[in-house]
Peer 1: 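Starting off with a structure, shown below.
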Amino acid sequence: MIASNPFELFRQECQLVLADALEKSLPEIKLPLISLKKTPNVDYGQLATSLCFELAKKLNQRPLDLAEHLVGAVDKSKFNLLDKVTSAGGGYINFHVNFAKFTLLTLQSIKELTSQYGFVKTDTPQKIIVEHTSVNPLHSIHIGQARNPMLGDTLARILQYRGHDVSRHYYIDDVGRQSSVVAYGYSKLGRPKPTEKPDLFVGKIYTVTSCIVEINRLKRARDKAVALHNADDLVKINKDIDDWMSIAAELKEKYPILFEVLLAKVSEDSNPEEEINRLNHAYENGQPVAKDLVREVSNLCLDGFRATMNRINVTYDSWDWESDFVWTPQVSEVMTKLKTTPYISNEKGVLQFNADQVTQTLNLKPKLGLSQNNEIPPLTLVRADGTTLYTTRDIAYTIWKFKHADKVINIIGMEQSLAQLQLKLALYAMGYNKEAENLTHFAYNLITLPGYKMSSRRGHYITLDEVLNEAIQRAYEEVSKRSPTLNEEEKHNIANFVGLGAVRYTLIDIDPSKPVVFTWERVLNFETNSAPYVQYTHARASSILRKATIKPQPPQFGLLSERIEKELVLTLAGFPDTFIEATEYLKPNMVADYVNSLADKFNTFYNAYPVLKADSQDLIDARLTLVKAIQTVMKNALNLIGVVAPEKM
RNA sequence: GGGCGAGUAGCUCAGCACGGAUAGAGCAUCAGCCUUCUAAGCUGAGGGUCAAGGGUUCAAAUCCCUUCCCGCCCGCCA
């Protein structure tokens with residue numbers, strides 16, 4: 001017999017038995033399906049209910065008496081996976097599994113389903129767009145931004161395994177002023193061919209150009225303040241200039257030639273800021289020369305991103321350019337439609353969206369879980385000069401996404417929570433209720449460096465590539481130390497998947513809502529509760545299996561009677577539950593926690609009991625089957641989080 | 001000022017959606033385990049007013065209220 005979710009089968013049996021006993025002994029009590037909880041301890045059985053505590057008061061009886069009464073009414077002829085039902089503690093009812101049967105069911109199911117075990121399919125498959133990463137193409141992806149693709153890719157994977165039709169989208173924000181800054185610098189340099197990884201190359205141009213242009217702008221602002229005798233402004237401007245001059249000094253030292261050349265070229269323009277604004281307008285208007293230039297430099301940067309993401313097994317199905325929504329009528333159509341709603345106000349050409357009014361008119365606050373005194377600030381949609389803002393364009397993009405999907409999950413930092421809420425309210429305002437309800441902002445907290453926030457404008461950041469390189473280097477040192485007999489190619493191969501796995505694991509293991517301070521120590525952890533630890537454990541299990549032959553007929557599973565063996569079987573049987581929960585509640589870190597705890601238990605077992613040299617051939621067979629199942633499930637779980645499950649390391 | 005998120009062992013974090021049995025890991029500290037299947041491992045010890053106070057409940061780290069502290073947001077930036 002095979003079960004896609006063995007533990008669920010056991011749970012259902014317990015529920016039936018309990019419902020039957022309740023009906024017989026307390027027919028006057030009508031209860032909905034009773035939820036059974038896992039016990040804290042194998043000795044208390046595997047599932048328990050605290051039902052009697054609740055009933056005790058109503059029936060004016062002691063909880064323990066009730067529990068004993070109910071246990072007495074249990075019909076043992078209905079038992080299949082159940083071994084016994086007992087009362088315990090102050091009034092719990094504990095359900096004990098029949099381990100011989102349950103182990104057979106679980107291990108047979110894993111053996112049959114292999115790479116599909118655990119991935120219980122949803123009854124309601126949907127088309128889901130997961131938008132993630134979406135880093136602006138201005139400079140290399142830094143470690144602060146790297147939490148996004150790790151979470152996004154893992155979510156996409158688990159949803160896909162759940163049976164949804166998942167599409168991974170990257171939204172390229174190329175319309176902002178920043179894109180014009182880098183394009184301006186790139187064009188001033190004569191559109192050079194990259195001499196290094198293209199995103200790194202573009203990033204240097206961006207940082208240096210933006211610094212030079214900013215100083216130029218501030219100096220002109222200073223002249224103006226002097227002319228107008230505006231002392232307050234002057235103080236502030238001088239302070240800003242000092243700040244930027246110190247950044248300039250840093251950049252000049254890091255990239256002396258690039259800095260000199262760019263400074264000379266930018267100085268040819270009397271007002272570089274004006275040039276950038278002109279370029280920005282030209283691009284928004286879709287003028288061919290501007291299109292050609294901005295797309296060229298953006299694509300260079302994106303080529304670099306793709307290379308980085310390939311290293312960690314992250315891919316995308318669609319690259320969506322923000323500019324495409326501006327060049328086609330999509331953004332203007334949204335504006336036309338929004339203007340017909342009562343939520344738009346026009347002050348001297350500036351269009352504001354009154355988000356709070358939407359929540360009041362449509363009574364959305366309770367529905368969205370917002371408190372009544374949470375007054376949503378208005379959102380500016382259109383500037384005085386007629387151009388649109390980021391969120392305005394995002395509304396058009398979101399509507400487009402819903403033409404291709406039933407559900408949209410945006411992986412975006414929690415600092416954008418307000419903008420994402422306003423976006424959702426705009427959908428409601430336009431009558432896109434279903435879309436609004438199916439729009440999820442998956443928010444995550446920032447990664448900071450000790451003592452300061454990463455700043456791409458100032459060039460203060462650690463790139464994801466640097467982190468990956470360092471992790472691989474560190475893994476190489478470890479593998480050389482631990483396995484000196486391996487040849488160079490094997491060492492490099494192992495170092496690669498160990499280093500990359502470590503980084504992926506670390507970034508999804510922590511609850512996304514928690515802020516993270518980046519330290520090398522955190523990422524380069526190769527000990528318990530890390531990808532390398534789980535990978536090592538998988539390799540250990542593989543090593544045993546490599547040295548053995550597993551017989552086709554099922555062994556005597558009753559022989560697996562040690563406590564840790566029972567715990568292992570239960571953990572394996574619970575994998576489908578964990579997978580379903582992680583998927584339904586969008587909690588990728590549950591998968592990491594699960595696989596770590598499975599590895600923990602296996603290592604305990606490994607150290608305590610021999611497999612290949614167990615006391616009898618029957619026991620060897622039984623343990624080998626257990627090890628094989630553990631290997632399969634570890635591999636499946638690692639696959640969900642995008643980490644390689646190695647045979648050797 | 002208002003909103004949102006966080007506060008659990010010296011440090012880094014699970015557990016909280018759905019209240020339940022002695023609050024769990026790792027790091028660090030201390031004491032042990034490699035002539036036995038991979039020591040990136042295992043066993044054990046010490047370490048907690050679950051930020052504080054109140055409330056609901058047979059039962060609260062978990063739910064409610066108040067306060068404190070930290071982060072983020074409240075732009076004709078993205």
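Keep in mind it's a predicted model, so treat the numbers as computed, not measured. To find a chain, count down the sequence lines: A is the first, B the second, and so on, and within it residues start at 1.
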Peer 1: Could you measure between the two C1' atoms, the one in B:G5 and the one in B:C69, and give it in whole Å?
Peer 2: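 It works out to 14 Å between them.
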
Peer 1: Would you compute the distance between atom OH of A:Y343 and atom CZ of A:F353 and round it to the nearest 0.5 angstrom?
Peer 2: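 Going from the OH atom of A:Y343 to the CZ atom of A:F353 covers 8.0 Å.
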
Peer 1: Of the nucleotides B:U38, B:C42, B:A39, which has the atom closest to the A:N603 side chain?
Peer 2: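 Ranking B:U38, B:C42, B:A39 by closest atom to the A:N603 side chain puts B:C42 first.
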
Peer 1: Side-chain contact test, heavy atoms from C-beta onward, threshold under 4.5 Å: evaluate it for A:L381 versus A:L379 and give yes or no.
Peer 2: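 Answer yes - side chains close enough.
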
Peer 1: Pick the closest RNA chain B nucleotide for A:K613 and for A:V479 by heavy atoms, then say which residue is nearer the 5' end.
Peer 2: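 Per heavy-atom nearest nucleotide, the more 5' residue is A:K613.
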
Peer 1: Mark this stacking check for A:Y92 against B:A21 as yes or no, applying ring centres under 5.5 Å and ring planes under 30°.
Peer 2: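 The base of B:A21 is stacked with A:Y92 (centres under 5.5 Å, planes under 30°).
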
Peer 1: What distance, rounded to whole Å, do you find between the two P atoms, one in B:A28 and one in B:G20?
Peer 2: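 Nearest-Å result for B:A28 against B:G20 at atom P: 33 Å.
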
Peer 1: Going by ring centres under 5.5 Å and near-parallel planes (under 30°), is A:F53 stacked on B:A59?
Peer 2: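 A stacking contact does not exist, since A:F53 is not both close and nearly parallel to the base ring of B:A59.
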
Peer 1: Choose from B:A39, B:G15, B:U43 the nucleotide whose nearest atom is closest to any side-chain atom of A:T604.
Peer 2: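 When the side chain of A:T604 is considered, B:U43 is the closest of B:A39, B:G15, B:U43.
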
Peer 1: For a quick test of reading the model: is some side-chain N or O of A:S371 closer than 4.0 Å to OP1 or OP2 of B:C4?
Peer 2: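 For B:C4, OP1 or OP2 has a side-chain N or O of A:S371 closer than 4.0 Å.
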
Peer 1: Applying a 3.5 Å limit to both distances, which nucleotide forms a Watson-Crick or G-U wobble pair with B:G71?
Peer 2: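 The base-pairing partner of B:G71, which may sit in any strand shown, is B:C4.
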
Peer 1: Which base, if any, makes a Watson-Crick or G-U wobble pair with B:C63, both distances under 3.5 Å?
Peer 2: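 B:C63 is paired with B:G55.
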
Peer 1: Hey, does the side chain of A:R383 come within less than 4.0 Å of B:G75's phosphate (OP1/OP2), counting only N and O?
Peer 2: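 The answer is no; no side-chain N or O of A:R383 sits under 4.0 Å from OP1 or OP2.
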
Peer 1: For A:D43, does the CG atom sit with more than 12 other heavy atoms under 6.0 Å from it, leaving out its own atoms?
Peer 2: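 For A:D43, atom CG is crowded (more than 12 foreign heavy atoms under 6.0 Å).
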
Peer 1: Please determine, for B:C27, whether a Watson-Crick or G-U wobble partner exists with both distances under 3.5 Å, and give it or none.
Peer 2: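 The base-pairing partner of B:C27, which may sit in any strand shown, is B:G10.
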
Peer 1: With a 4.0 Å limit, can you tell me whether A:Y594 has a side-chain N or O closer than that to the phosphate oxygens OP1/OP2 of B:G15?
Peer 2: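 Answer is no, no contact under 4.0 Å.
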
Peer 1: Any side-chain N or O of A:S50 under 4.0 Å from OP1/OP2 of B:G20?
Peer 2: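 No, no such contact exists.
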
Peer 1: Counting side-chain heavy atoms from C-beta on, which of B:A14, B:A40, B:C42 comes nearest to A:D511?
Peer 2: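 From the listed options, B:A14 comes nearest.
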
Peer 1: Check the phosphate of B:G26 against A:T528, side-chain N and O only, distance under 4.0 Å to OP1 or OP2. Yes or no?
Peer 2: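 For B:G26, OP1/OP2 do not have a side-chain N/O of A:T528 under 4.0 Å.
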
Peer 1: Taking only the side-chain nitrogens and oxygens of A:R540, find out if one of them lies under 4.0 Å from OP1 or OP2 of B:A39.
Peer 2: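 True: A:R540 side-chain N/O within range (under 4.0 Å) of B:A39 OP1/OP2.
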
Peer 1: Side-chain donor or acceptor of A:N529 under 3.5 Å from a matching atom on the base of B:U12?
Peer 2: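 No, no donor-acceptor pair under 3.5 Å.
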
Peer 1: Would you say a side-chain N or O of A:Y606 is under 4.0 Å from OP1 or OP2 of B:A39?
Peer 2: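 Checking B:A39 against A:Y606, a side-chain N or O does come within under 4.0 Å of OP1 or OP2.
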
Peer 1: Which comes earlier along RNA chain B counting from the 5' end, the contact point of A:A88 or that of A:E415, where each point is its nearest nucleotide?
Peer 2: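 Its nearest nucleotide being more 5', the pick is A:A88.
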
Peer 1: Looking at B:C37, I'd like to know if its phosphate oxygens (OP1 or OP2) sit under 4.0 Å from a side-chain N or O belonging to A:K547.
Peer 2: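 Negative; the distance criterion is not met.
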
Peer 1: Work out which heavy atom in A:V643 is nearest to a heavy atom in A:R504; give both atom names and the distance.
Peer 2: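 The pair with the smallest heavy-atom distance is CG2-CB, 4.4 Å.
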
Peer 1: Would B:C70 be called syn or anti here, given the cut-off of 90° from 0?
Peer 2: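 Anti, since the glycosidic angle lies more than 90° from 0.
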
Peer 1: Taking the side chain of A:L389 as its heavy atoms from C-beta onward, which of B:C77, B:A25, B:C37 lies nearest to it?
Peer 2: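 The answer is B:C77, which lies nearest to the side chain.
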
Peer 1: Under 4.0 Å from OP1 or OP2 of B:U12: is there any side-chain N or O of A:R522 that close?
Peer 2: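 For A:R522, the contact criterion (side-chain N or O under 4.0 Å from OP1 or OP2 of B:U12) is not met.
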
Peer 1: Name the orientation class of the two ring planes belonging to A:Y461 and A:H139 (parallel below 30°, tilted from 30 to 60°, perpendicular beyond 60°).
Peer 2: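 Correct class here is tilted.
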
Peer 1: Taking atom C1' of B:A21 as reference, at what distance in whole Å does atom OH of A:Y44 sit?
Peer 2: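 These atoms are roughly 5 Å apart.
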
Peer 1: Can you tell me the base-pairing partner of B:U35? Count Watson-Crick or G-U wobble geometry only, both distances below 3.5 Å, and say none if there is no partner.
Peer 2: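 Partner of B:U35: none found under 3.5 Å.
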
Peer 1: Are OP1 or OP2 of B:A14 and a side-chain N or O of A:K514 less than 4.0 angstrom apart?
Peer 2: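 So the side chain of A:K514 is within the cut-off, an N or O lying under 4.0 Å from OP1 or OP2 of B:A14.
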
Peer 1: Are OP1 or OP2 of B:G26 and a side-chain N or O of A:N525 less than 4.0 angstrom apart?
Peer 2: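 False: A:N525 side-chain N/O out of range (4.0 Å or more) of B:G26 OP1/OP2.
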
Peer 1: Is any N or O donor-acceptor pair between the side chain of A:E581 and the base of B:A17 shorter than 3.5 Å?
Peer 2: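 Donor-acceptor pair under 3.5 Å: yes.
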
Peer 1: Would you indicate what A:K481 reaches in the nucleic acid, counting non-hydrogen atoms under 4.0 angstrom: base, sugar-phosphate, or nothing?
Peer 2: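 Touches nothing.
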
Peer 1: Are A:V175 and A:W321 close enough that some pair of their side-chain heavy atoms sits under 4.5 Å apart?
Peer 2: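 Not touching, per the 4.5 Å side-chain cut-off.
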
Peer 1: Looking at A:Y476, I'd like to know if the NZ or CZ of A:K481 sits under 6.0 Å from its six-membered ring centre while staying within 45 degrees of the ring's axis.
Peer 2: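 Not flagged: A:K481 not positioned over aromatic ring of A:Y476.
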
